[in-house]
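All figures in this text were calculated on a predicted structure; none of them were measured in a lab. Quick note: numbers below take in every heavy atom, side chains included, and nothing from hydrogens, waters or symmetry partners.
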Amino acid sequence: MMTKVTTHQAEEDARNDNILIYLDGRIVPKAQATVSVYDSGFMLGDGVWEGLRLYDGKWAFLDQHLDRLFEAAKAIDLDIGLDRNGVISALLETQKANGMTTDAHARMMVTRGVKTRPFQHPSLSQQGPTFVIIMEHSRPKTPRPITLATVPHMRGLPMTQDPKLNSHSKLNCILACIAAQKAGADEALMLDVHGFVNTTNACNFFIVKQGAVWTSTGDYCMNGITRQKVIDLCRANDIPVLERNFSLVDTYSADEAFLTGTFGAQTPVSQIDGRTIGGGEPGPVTARLRALYKDLVARS
């Protein structure tokens with residue numbers, strides 16, 4: 001039986017036992033970084049988040065990540081409580097406090113804040129937002145390609161919970177991941193409302209067929225920054241790329257498959273629903289895109 005892996009698996013790093021966390025304007029030890037049980041995020045998943053990677057002293061694609069954070073906050077009518085420069089200052093302050101220079105991951109989380117009573121209505125959140133930055137030493141470590149299982153849980157229509165939002169409420173994706181693990185896979189492959197292949201529970205999804213890179217239309221998946229960078233790299237380097245509807249039949253016969261995300265960049269997939277994809281190992285197009293992406297990060 002294969003050892004389970006995840007798309008966010010990292011090397012063990014003892015320094016993370018003593019990290020300092022940004023909490024509402026203060027830098028506090030990990031053990032003291034707590035929020036109220038009345039916090040909107042804890043109580044209802046009412047908040048948004050953003051993940052960033054630190055490479056060689058630079059936060060990769062910082063402007064795009066901040067754009068997405070502020071757009072998500074506006075979409076749910078949440079005042080972050082800081083302007084763009086304030087968020088950057090908080091990020092850099094947390095980085096400096098932890099002495100981090102590379103191979104770090106930051107998770108920014110903003111909720112509607114502490115409620116006066118334990119009920120849903122947003123007007124009960126009257127004390128201002130809760131803003132947290134968790135920053136860890138984090139070098140991705142995936143000992144083998146990921147395996148996926150298709151699950152019944154969908155990335156749905158925007159009038160329910162728009163899949164483009166980095167919302168704190170991730171239960172749909174968590175249930176998808178649980179279903180995939182029960183089926184013996186690492187993570188879940190999710191379809192859209194029309195039955196076309198869409199995304200995984202945690203990352204955007206790509207296949208390679210006869211040298212061309214395919215991904216979903218983007219209508220029902222997270223508006224991934226790494227996803228878009230891969231599409232742009234394909235176009236800039238004469239790699240055919242298609243944003244299109246495709247089915248599981250197309251997927252099973254793919255030559256390669258990989259996932260994209262801020263944490264793991266490009267993570268190869270070896271198996272879907274028990275079918276081996278290509279040779280079961282990272283393919284040449286995946287390898288080329290990984291190299292192109294690494295170079296892009298270094299130049300950005």
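- The number of heavy atoms from other shown groups lying within 6.0 Å of NZ (K30) is above 12.
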Problem - Candidate pair L289 and T286, rule side chain to side chain contact (heavy atoms under 4.5 Å, CB included), full reasoning - result: CA-CA 5 Å; L289 285 169; T286 304; 5.9 Å; no
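- Within the structure, every pair that satisfies the side-chain hydrogen bond (donor to acceptor under 3.5 Å, both in side chains) test and touches residues 190-218, not counting sequence neighbours, is listed here: H194-Y220, K209-S253, T217-D219.
- Side chains of L292 and N237 form a contact here, defined as non-hydrogen atoms less than 4.5 Å apart.
- Contacts of F205 classified as ring-ring contact (aromatic ring centres under 6.0 Å, His included), with partners at least two apart in sequence or in another chain: none.
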Practice task
Take I239 and R288, measure what side chain to side chain contact (heavy atoms under 4.5 Å, CB included) needs, and give me the verdict at the end.
Solution key: CA-CA 10 Å; I239 302 171; R288 186 182 178 198; 3.4 Å; yes
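- Evaluation of the side-chain contact (heavy atoms from CB on, under 4.5 Å) rule for Q120 yields L44 as partners, not counting sequence neighbours.
- In the hydrophobic clustering of this structure, V87 groups with V48; members are Ile, Leu, Val, Met, Phe, Trp, Tyr whose side-chain heavy atoms approach within less than 4.5 Å, directly or through other members.
- I76 and F42 fall into different hydrophobic clusters, defined by Ile, Leu, Val, Met, Phe, Trp and Tyr side-chain heavy atoms under 4.5 Å apart, directly or through other members.
- Proximity of a side-chain donor or acceptor of N98 to a complementary backbone N or O of Q95 within less than 3.5 Å is not detected.
- Linking Ile, Leu, Val, Met, Phe, Trp and Tyr whenever their side-chain heavy atoms come within less than 4.5 Å leaves Y55 and L62 in two separate clusters.
- Checked for salt-bridge contact, E11 and K141 miss the test: no charged N lies under 4.0 Å from a carboxylate O.
- With R26 contributing its side chain and D24 its backbone, the two residues share no donor-acceptor pair below 3.5 Å.
- In this structure, F263 and A10 approach most closely via the heavy-atom pair CZ-CB, 3.8 Å.
- L92 and I134 fall within a single hydrophobic cluster, where Ile, Leu, Val, Met, Phe, Trp and Tyr side chains are chained together by heavy-atom contacts under 4.5 Å.
- Taking all atoms of both residues into account, the shortest heavy-atom contact from G184 to K4 is O-NZ, 2.9 Å.
- E12 meets the salt bridge (Lys or Arg N to Asp or Glu O under 4.0 Å) test with no other residue; sequence neighbours excluded.
- Under the 3.5 Å distance criterion, the side-chain polar atoms of R68 are left unmatched by any main-chain donor or acceptor of L165.
- In this structure, the side chains of V132 and Y22 stay at 4.5 Å or more apart for every pair of heavy atoms.
- Using a 3.5 Å distance cut-off with no hydrogens or angles, the side chains of T142 and Q9 do not pair a donor with an acceptor.
- I88 and F61 fall into different hydrophobic clusters, where Ile, Leu, Val, Met, Phe, Trp and Tyr are joined by side-chain heavy atoms under 4.5 Å apart, directly or via other members.
- Take S89 and apply the side-chain contact (heavy atoms from CB on, under 4.5 Å) test, not counting sequence neighbours, and it matches no residue.
- The closest side-chain heavy-atom distance from M135 to I19 is not below 4.5 Å.
- Closest of all the heavy-atom pairs between I146 and T6 is CD1-C, 3.8 Å.
- Cluster partners of M222 are absent, since no Ile, Leu, Val, Met, Phe, Trp or Tyr has side-chain heavy atoms less than 4.5 Å from it.
- Residues satisfying the side-chain contact (heavy atoms from CB on, under 4.5 Å) test with Q181, not counting sequence neighbours, are C177.
- Side-chain contact between P240 and C234 is absent, with no heavy atoms from C-beta onward closer than 4.5 Å.
- Note: N166 CG to M109 CE = 12.0 Å, rounded to the nearest 0.5 Å.
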Handout entry: CA sep, side-chain torsions, deciding dist, call: D250, V197, side chain to side chain contact (heavy atoms under 4.5 Å, CB included)
Key = CA-CA 9 Å; D250 299 309; V197 173; over 6 Å; no
Would you be so kind as to tabulate the donor-acceptor pairs closer than 3.5 Å made by side chains of residues 293-300, with sequence neighbours excluded?
from	atom 1	to	atom 2	distance (Å)
D295	OD2	R299	NE	2.7
D295	OD2	R299	NH2	3.4
S300	OG	L296	O	2.6

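- At most 12 heavy atoms of other shown residues, nucleotides or ligands fall within 6.0 angstrom of atom OH in Y38.
- Annotation for K58: atom NZ counts as buried by contact number, over 12 foreign heavy atoms lying within 6.0 Å.
- Residues T111 and H168 form a side-chain contact, since some pair of their non-hydrogen atoms from C-beta on lies under 4.5 Å apart.
- Residues M190 make up the rest of the hydrophobic cluster containing V151, defined by ILVMFWY side-chain heavy atoms closer than 4.5 Å, directly or through other members.
- Atoms OH and OG, from Y252 and S247 in turn, are 9.0 Å apart once rounded to the nearest 0.5 Å.
- A salt bridge links R144 and D186; the closest N-O separation between the charged side-chain nitrogens and carboxylate oxygens is under 4.0 Å.
- Just one of D103, D13, T102 meets the side-chain hydrogen bond (donor to acceptor under 3.5 Å, both in side chains) condition when paired with R139; it is D103.
- Taking A183 as the reference, A149 meet the side-chain contact (heavy atoms from CB on, under 4.5 Å) condition, with sequence neighbours excluded.
- Across every non-hydrogen atom of G51 and H105, the tightest pair is CA-NE2, 4.2 Å.
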Exercise for the section: For L148 and L259, run side chain to side chain contact (heavy atoms under 4.5 Å, CB included): C-alpha distance rounded to whole Å, both residues' side-chain angles, the deciding distance at 0.1 Å, then the answer. Expected result: CA-CA 11 Å; L148 301 176; L259 313 178; 4.3 Å; yes
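- Among residue pairs with one or both ends in residues 229-241, those qualifying as salt bridge (charged side-chain N to carboxylate O under 4.0 Å, His left out) are R235-E243; sequence neighbours excluded.
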Identify each donor-acceptor pair in which a side-chain atom of residues 124-131 lies under 3.5 Å from a protein atom, sequence neighbours left out, and give them as a table.
from	atom 1	to	atom 2	distance (Å)
S125	OG	S40	OG	2.8
S125	OG	K115	NZ	3.3
Q126	NE2	S123	O	3.1
T130	OG1	D39	OD1	2.6

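- Heavy-atom neighbours of R84 CZ from other residues, nucleotides or ligands within 6.0 Å: above the threshold of 12.
- Using a 4.5 Å cut-off on side-chain heavy atoms (C-beta onward), L69 and I80 make contact.
- R227 places a side-chain heavy atom less than 4.5 Å from the side chain of F206.
- In summary, the side chains of H65 and E50 do present a donor paired with an acceptor at a separation below 3.5 Å, with no hydrogens or angles considered.
- Put simply, the side chain of E256 gets close to the backbone of V285: a donor and an acceptor are under 3.5 Å apart.
- Under the 4.0 Å criterion applied to side-chain N and carboxylate O atoms, R155 and D162 are not assigned as salt-bridge partners.
- For P282 against P145, the heavy-atom pair with the smallest separation is CD-CG, 4.0 Å.
- Residue V241 is tested with L233, V213, V230 for a side-chain contact (heavy atoms from CB on, under 4.5 Å); the sole match is V213.
- Counting heavy atoms from C-beta outward, V28 and L20 have side chains that stay 4.5 Å or more apart.
- Both tests do not hold together for R53 against W59: distance to the six-membered ring centre under 6.0 Å, angle to the ring axis within 45°.
- For D83, the CG atom sits in a packed shell: over 12 heavy atoms of surrounding residues, nucleotides or ligands are nearer than 6.0 Å.
- Residues A202 and T7 approach most closely at CB-OG1, 3.9 Å, considering heavy atoms.
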